[in-house]
Novice: 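The structure that follows is given in the form of structure tokens.
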Amino acid sequence: KICAELTAGGMSEDTPCAVISQAGSLSARAERGRLCDLPYIAQMLPAPQVIVIGKVCTLDLAKKQPMDKTVQPRQVSVAVTGTAMHAERVCGALRKRGIAAENCACLRVVPLDFEFVFDTLPMRKYLVFTSANGVKIFFERALERGEDFRIFGNKKFAAIGTYTARMLARYGFRADCIPKTFTCESLCEILQKLGLPRKEILLLRSAVGDEILEKVGEQADLYDTVADADMLEKSADILKRANIITFGSANGARAVLDKCVLPSDCVAVCIGEKTAEAVRGYGCRVEVCAEASADAVAETVGRVKEKLCKD
């Protein structure tokens with residue numbers, strides 16, 4: 001469409017052009033050609049893309065010009081770890097802030113056996129989800145079992161984070177409770193005020209969830225997260241030279257840090273104090289996000305990146 005509109009407006013098909021893929025990341029690539037070649041070049045490269053058209057594309061910008069070292073900005077590399085769903089959300093939030101990051105989704109989600117949960121549903125009043133992974137695994141299992149979703153008609157739902165709530169909405173349910181601050185502590189305070197017996201609140205989440213919620217509800221392990229050996233191997237070089245690495249869980253942090261030695265000046269951006277505690281055990285510098293959300297991670301990364309660039 002770009003090519004057609006420009007040529008229709010009088011631009012020559014031989015006008016130089018270039019497509020830059022994943023600019024600013026370690027995976028950045030660029031291809032040059034003519035305007036008439038643009039559709040084919042764009043198909044060769046992964047998104048996101050920057051398209052440049054004009055004589056500037058003929059310049060050899062690979063030859064670095066002398067730069068005053070006193071004003072040369074520091075190049076900061078960012079790596080995002082966690083499950084595939086989590087890492088993609090954080091990378092997306094970073095892109096919105098103009099921050100390039102490498103997706104190092106080193107954790108696999110492994111569903112567990114929780115068939116007993118469906119037999120105990122009549123005694124439950126509140127179903128609590130702390131992640132979108134949990135929502136998806138639970139309701140997909142319900143569909144596989146052929147459950148009539150009317151069994152959830154008298155239930156209330158709690159969710160940590162708007163993304164978890166949106167995943168819940170995909171299955172036709174609205175979250176009755178979303179804490180303003182996306183933390184287990186905030187949700188625990190809200191649930192405590194309900195005054196319900198523990199057995200009436202069911203925590204549908206990871207096997208390694210924050211223990212604080214078990215004060216108010218009974219735990220049902222929907223899934224576990226395990227290290228993805230192949231992805232860890234592929235990401236090893238990226239992680240070893242990263243200046244900022246994000247961690248979404250204590251389990252995920254241990255999976256990475258047991259295999260990779262991070263640079264001494266690397267800053268670990270962690271969701272929650274529990275994750276931060278695990279990372280500190282490896283001697284890493286830590287910054288803790290204000291809440292458990294992709295936007296909070298991106299905001300913290302931006303703040304750390306700005307500080308590192310100034311230093």
Side-chain angles (χ1 to χ4, degrees), residues 79-92 102-121 124 127-147 157-161 163-168 170-171 173 182 184 187 202-214 217-236 238-239 245-260 268 270-272 274-279 281-282 292-294 297:
V80 177
T81 69
T83 64
M85 185 184 293
H86 169 80
E88 182 54 40
R89 279 168 39 226
V90 172
C91 285
E102 295 288 345
N103 186 329
C104 302
C106 303
L107 281 184
R108 286 191 297 108
V109 175
V110 180
L112 301 176
D113 180 4
F114 55 89
E115 301 301 317
F116 74 94
V117 167
F118 296 96
D119 296 329
T120 69
L121 283 177
R124 316 293 185 178
L127 304 184
V128 179
F129 293 95
T130 60
S131 73
N133 279 318
V135 174
K136 183 176 181 180
I137 288 171
F138 178 76
F139 284 107
E140 287 302 316
R141 182 71 59 84
L143 289 170
E144 289 171 6
R145 286 169 53 92
E147 296 287 351
F157 297 89
I160 291 184
Y163 190 77
T164 304
R166 287 201 299 271
M167 183 63 74
L168 191 60
R170 291 185 187 181
Y171 294 93
F173 301 99
F182 303 155
C184 288
L187 181 56
L202 185 61
L203 312 173
L204 297 161
R205 55 182 187 156
S206 163
V208 289
D210 195 318
E211 295 176 358
I212 191 171
L213 281 177
E214 294 184 39
E218 294 184 349
Q219 171 82 8
D221 300 343
L222 299 189
Y223 66 94
D224 203 353
T225 53
V226 298
D228 186 328
D230 290 338
M231 190 61 186
L232 272 172
E233 184 177 353
K234 292 177 183 177
S235 304
I238 295 172
L239 295 168
I245 297 181
T246 73
F247 294 109
S249 68
N251 200 33
R254 285 189 287 266
V256 172
L257 297 174
D258 282 344
K259 298 291 184 181
C260 300
C270 302
I271 284 185
K274 186 174 181 181
T275 303
E277 183 180 348
V279 174
Y282 292 84
S293 70
V297 175

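Excluded from the calculations below are hydrogen atoms, water molecules and symmetry mates; all remaining heavy atoms, backbone and side chain alike, are included.
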Novice: Would you find more than 12 non-hydrogen atoms of other residues, nucleotides or ligands less than 6.0 Å from Glu277 atom CD?
Specialist: no
Novice: Do Asn133 and Leu222 have side chains that approach each other closer than 4.5 Å (heavy atoms only, starting at C-beta)?
Specialist: no
Novice: Using 0.5 Å steps for rounding, measure from the CZ atom of Arg170 to the CZ atom of Arg166.
Specialist: 8.5 Å
Novice: Looking at every heavy atom in both Asn103 and Ala87, which two are closest together, and how far apart are they?
Specialist: OD1-CB, 3.4 Å
Novice: Tell me, with the steps shown, if Leu204 and Phe114 meet side chain to side chain contact (heavy atoms under 4.5 Å, CB included).
Specialist: CA-CA 10 Å; Leu204 297 161; Phe114 55 89; 5.8 Å; no
Novice: For Thr275 versus Cys270, what's the shortest heavy-atom pair and its separation?
Specialist: CG2-CB, 3.9 Å
Novice: Of all residues at least two apart in sequence or in a different chain, which pass the side chain to side chain contact (heavy atoms under 4.5 Å, CB included) check with Ile212?
Specialist: Cys184, Glu185, Cys188, Asp210, Lys215
Novice: Judged by atom type as modelled, is there a donor-acceptor pair below 3.5 Å linking the side chain of Asp224 to the main-chain atoms of Val226?
Specialist: no
Novice: Given Phe173, which partner from the list Phe139, Phe129, Phe138 fulfils the ring-ring contact (aromatic ring centres under 6.0 Å, His included) test?
Specialist: Phe139
Novice: Which heavy-atom pair separates Tyr223 from Ser131 by the least distance, and what is that distance?
Specialist: OH-OG, 2.8 Å
Novice: Which atoms form the tightest heavy-atom contact between Thr164 and Ala132, and what is the distance?
Specialist: OG1-N, 3.5 Å
Novice: Taking atom NZ of Lys274 as the centre, report whether more than 12 heavy atoms of other residues, nucleotides or ligands fall under 6.0 Å from it.
Specialist: yes
Novice: With side chains defined as the heavy atoms from C-beta onward, is the minimum distance between Leu107 and Ser249 less than 4.5 Å?
Specialist: yes
Novice: Which heavy atom in Ala220 sits nearest to a heavy atom in Leu202, and how many Å separate them?
Specialist: CB-CD1, 3.9 Å
Novice: So how far is it from Thr81 OG1 to Ile245 CD1, rounded to the nearest 0.5 Å?
Specialist: 7.5 Å
Novice: Any side-chain heavy atom of Phe247 within less than 4.5 Å of one from Leu257?
Specialist: yes
Novice: For the atom pair CD (Glu140) and OH (Tyr171), what is the distance rounded to the nearest 0.5 Å?
Specialist: 3.5 Å
Novice: Looking only at heavy atoms, what is the nearest atom pair of Ala142 and Phe118, with distance?
Specialist: CB-CE2, 3.7 Å
Novice: Got a second to check how far Ser293's OG is from Ile160's CD1, nearest 0.5 Å?
Specialist: 11.5 Å
Novice: Mind listing the side-chain donor-acceptor pairs of residues 228-236 below 3.5 Å, one per line with the distance, residues two or more places apart or on another chain?
Specialist:
| residue | atom | partner | partner atom | Å |
| --- | --- | --- | --- | --- |
| Asp228 | OD1 | Asp230 | N | 3.2 |
| Asp228 | OD1 | Met231 | N | 3.1 |
| Ser235 | OG | Met231 | O | 2.9 |

Novice: Which residues pass the side-chain hydrogen bond (donor to acceptor under 3.5 Å, both in side chains) test with Arg141, not counting sequence neighbours?
Specialist: Glu115
Novice: Mind checking whether Val128 and Arg205 have side chains closer than 4.5 Å, heavy atoms only?
Specialist: no
Novice: Could you tell me the separation between the CD atom of Glu218 and the CG atom of Leu203, rounded to the nearest 0.5 Å?
Specialist: 8.5 Å
Novice: Quick one: CZ on Phe116 to CG on Leu121, what's the gap to the nearest 0.5 Å?
Specialist: 10.0 Å
